[in-house]
Peer 1: 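Dumping the structure here so I can ask a few things about it.
Values in this document were obtained by computation on a predicted structure and should not be read as measured data. Note that ligands are numbered from 1 as they come in the structure, with each ligand's atoms numbered from 1 the same way.
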Amino acid sequence: MAVRIFDNHDLSGHNTFGMKVSCARYLEYESVAELEALDFDSLPSPLLHVGGGSNLLFSGDFKGTILHSAIRYIKYVDLGFDDVPVMVGAGVTFDDFVAQTCSHGLWGAENLSLIPGEVGGAAVQNIGAYGVEVCDIISGVVCYDLHKRKKIKFSTEECHYGYRDSIFKRPENKGRYVVTGVLFRLSRKPKPRLEYKGVREALGGAVPKTPQEVRDAIIRIRREKLPDPAVTGSAGSFFKNPVVAREVFERISPDGSAPHFDLPDGMVKIPAAWLIDQCGLRGASHGGAAVHEKQPLVIINASGKASPEEVLTLERKIISEVENKFGITLQPEVVHVS
Ligand SMILES: Cc1cc2nc3c(=O)[nH]c(=O)nc-3n(C[C@H](O)[C@H](O)[C@H](O)COP(=O)(O)OP(=O)(O)OC[C@H]3O[C@@H](n4cnc5c(N)ncnc54)[C@H](O)[C@@H]3O)c2cc1C
């Protein structure tokens with residue numbers, strides 16, 4: 001198959017926020033060989049690689065080239081051991097991978113069910129939900145280095161995974177690495193991760209026998225709380241949960257009753273949704289953009305016609321009100337693209 005190229009391409013269908021923006025050029029490739037053969041110097045710059053566009057906020061038309069991977073394969077390396085390596089193309093929809101591995105009875109990805117986006121984006125973002133981060137099941141990431149124009153492999157350690165963070169997000173690596181495939185390590189042996197009370201409740205207190213049972217429970221929980229991108233535009237959690245020193249948490253909540261997670265290094269993670277809620281911002285809106293009623297961490301394109309500026313204004317309002325009330329500066333999880 002040839003590389004697909006479109007000029008002045010509408011990006012409405014390539015960002016789950018549903019922002020009506022365009023790019024100078026849109027280029028989709030199906031193999032690493034096609035990627036390697038591209039004449040990058042002739043493309044309108046800058047270059048931005050996107051996946052499902054489910055963590056992006058375009059603040060206007062993009063003047064450069066949007067690259068997208070259509071490398072789609074799922075290969076099992078089943079040698080009969082408990083651990084089953086699975087190599088997956090970066091352009092596979094992440095939830096298709098989860099659905100397929102759960103249906104094969106493989107444990108590991110089930111808690112990450114229904115997260116929008118593609119496998120490449122998941123490895124960049126280190127997606128996480130219900131006590132599991134994708135780095136827990138990643139064994140390695142294969143990339144194409146746009147600076148050196150050659151393939152490169154990263155072990156999990158070399159990816160320097162952190163909370164929604166990886167080496168691929170470092171400013172010095174911006175636009176450098178294209179993820180082409182991800183090696184996962186799943187397990188035939190039951191490994192249910194039930195740290196979250198909500199997950200245990202959704203399973204009715206029973207110990208799940210299959211990853212599919214956990215997947216079904218997670219899907220039920222997520223459908224209750226989160227907007228369906230096919231119906232209401234959003235990019236999921238707009239802000240990261242702030243990690244603060246214990247003294248800061250004790251100042252905010254002297255009796256310790258505010259929701260929080262104690263981290264092994266003594267720091268405390270506070271749910272950003274709680275901080276936003278405490279500022280009375282649940283349901284707040286600006287133009288067509290609004291804070292989601294069911295989950296205040298999510299900004300939605302409530303009218304379906306919200307402009308980037310309306311979302312950005314609401315973002316600034318949330319940051320400033322949380323800062324004034326708690327002295328904490330929220331950091332966006334959503335990648336801003338200008
Ligand atoms: C309703 C909803 C719920 C969500 N729930 C969760 C959740 O529970 N947990 C969670 O962690 N996230 C969640 N998200 C956020 C989002 O789904 C993830 O961040 C997802 O991994 C983004 O993947 P993507 O393919 O859409 O990447 P994009 O949004 O297209 O891109 C994200 C970043 O990855 C880079 N990128 C993408 N593909 C590649 C590639 N192949 N090579 C190099 N760089 C690449 C982009 O340049 C960008 O910097 C949610 C989003 C929505 C809309």
Peer 1: Please state which protein non-hydrogen atom is closest to atom 22 (C) of ligand 1 and give its distance, to 0.1 Å?
Peer 2: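 Here the closest protein heavy atom is S54 OG, 3.2 Å.
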
Peer 1: Are any of the N/O atoms in A129 less than 3.5 Å from those in ligand 1?
Peer 2: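 No; every N/O pair is 3.5 Å or more apart.
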
Peer 1: Using a heavy-atom cut-off of under 4.0 Å, does the side chain or the backbone of C143 touch ligand 1, or both, or neither?
Peer 2: neither

Peer 1: List the closest protein heavy-atom neighbour of atom 24 (P) of ligand 1: residue, atom name, distance to the nearest 0.1 Å.
Peer 2: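 Looking at atom 24 (P) of ligand 1, the protein heavy atom closest to it is G52 N, 3.3 Å.
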
Peer 1: Closest non-hydrogen protein atom to atom 15 (C) of ligand 1, residue and atom name please, with distance?
Peer 2: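 Checking every protein heavy atom, the shortest distance to atom 15 (C) of ligand 1 gives N55 OD1, 3.6 Å.
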
Peer 1: Which residue and atom name correspond to the protein heavy atom nearest atom 33 (C) of ligand 1, and how close is it?
Peer 2: Q125 OE1, 3.4 Å

Peer 1: Is there at least one pair of N or O atoms, one from P116 and one from ligand 1, spaced under 3.5 Å apart?
Peer 2: yes

Peer 1: Return the residue, atom name and 0.1 Å-rounded distance of the protein heavy atom closest to atom 8 (O) of ligand 1.
Peer 2: R222 NH1, 2.9 Å

Peer 1: What do we get for P227 next to ligand 1 when only non-hydrogen atoms under 4.0 Å count, side chain, backbone, both or neither?
Peer 2: backbone

Peer 1: For V124, is at least one N or O under 3.5 Å away from an N or O on ligand 1?
Peer 2: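 Checking ligand 1 against V124, no N or O pair falls under 3.5 Å apart.
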
Peer 1: Quick one: look up the protein heavy atom nearest atom 48 (C) of ligand 1 and list residue, atom name and how far away it is.
Peer 2: L56 CD2, 3.9 Å

Peer 1: I'd like to know whether NZ of K169 has more than 12 heavy-atom contacts from other residues, nucleotides or ligands below 6.0 angstrom.
Peer 2: yes

Peer 1: Could you list the atoms of ligand 1 found under 4.0 angstrom from a heavy atom of L48?
Peer 2: 47 (O)

Peer 1: Is the shortest distance from a Lys or Arg side-chain nitrogen in R251 or E247 to a carboxylate oxygen in the other one below 4.0 Å?
Peer 2: no

Peer 1: Under 4.0 Å from any heavy atom of Y177, which atoms of ligand 1 are there?
Peer 2: 43 (C)

Peer 1: Only heavy atoms of G117, strictly under 4.0 Å: list the atoms of ligand 1 that pass.
Peer 2: 23 (O), 24 (P), 25 (O), 26 (O)

Peer 1: List the closest protein heavy-atom neighbour of atom 49 (O) of ligand 1: residue, atom name, distance to the nearest 0.1 Å.
Peer 2: V335 CG2, 4.0 Å

Peer 1: Under 4.0 Å from a heavy atom of A122: give me the atoms of ligand 1 that qualify, with their elements.
Peer 2: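 Reading through ligand 1 atom by atom, the close ones are 21 (O).
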
Peer 1: Go through ligand 1 atom by atom and flag the ones less than 4.0 Å from a non-hydrogen atom of G128.
Peer 2: 7 (C), 8 (O), 9 (N), 10 (C), 11 (O)

Peer 1: Any N or O of N126 that comes nearer than 3.5 Å to an N or O of ligand 1?
Peer 2: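 N/O-N/O distance below 3.5 Å does not exist for this pair.
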
Peer 1: Checking a contact table here: which protein heavy atom is nearest atom 21 (O) of ligand 1, and how many Å away?
Peer 2: I127 CG2, 3.0 Å

Peer 1: Can a side-chain donor-acceptor contact be found between D216 and Q212 if the only test is distance below 3.5 angstrom?
Peer 2: yes

Peer 1: Give yes or no for whether the N/O distance cutoff of 3.5 Å, strictly under, is met between G120 and ligand 1.
Peer 2: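 Such a contact does not occur with ligand 1.
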
Peer 1: Before accepting this row, confirm whether a basic side-chain N of the pair K197/E201 lies closer than 4.0 Å to the acidic partner's carboxylate O.
Peer 2: yes

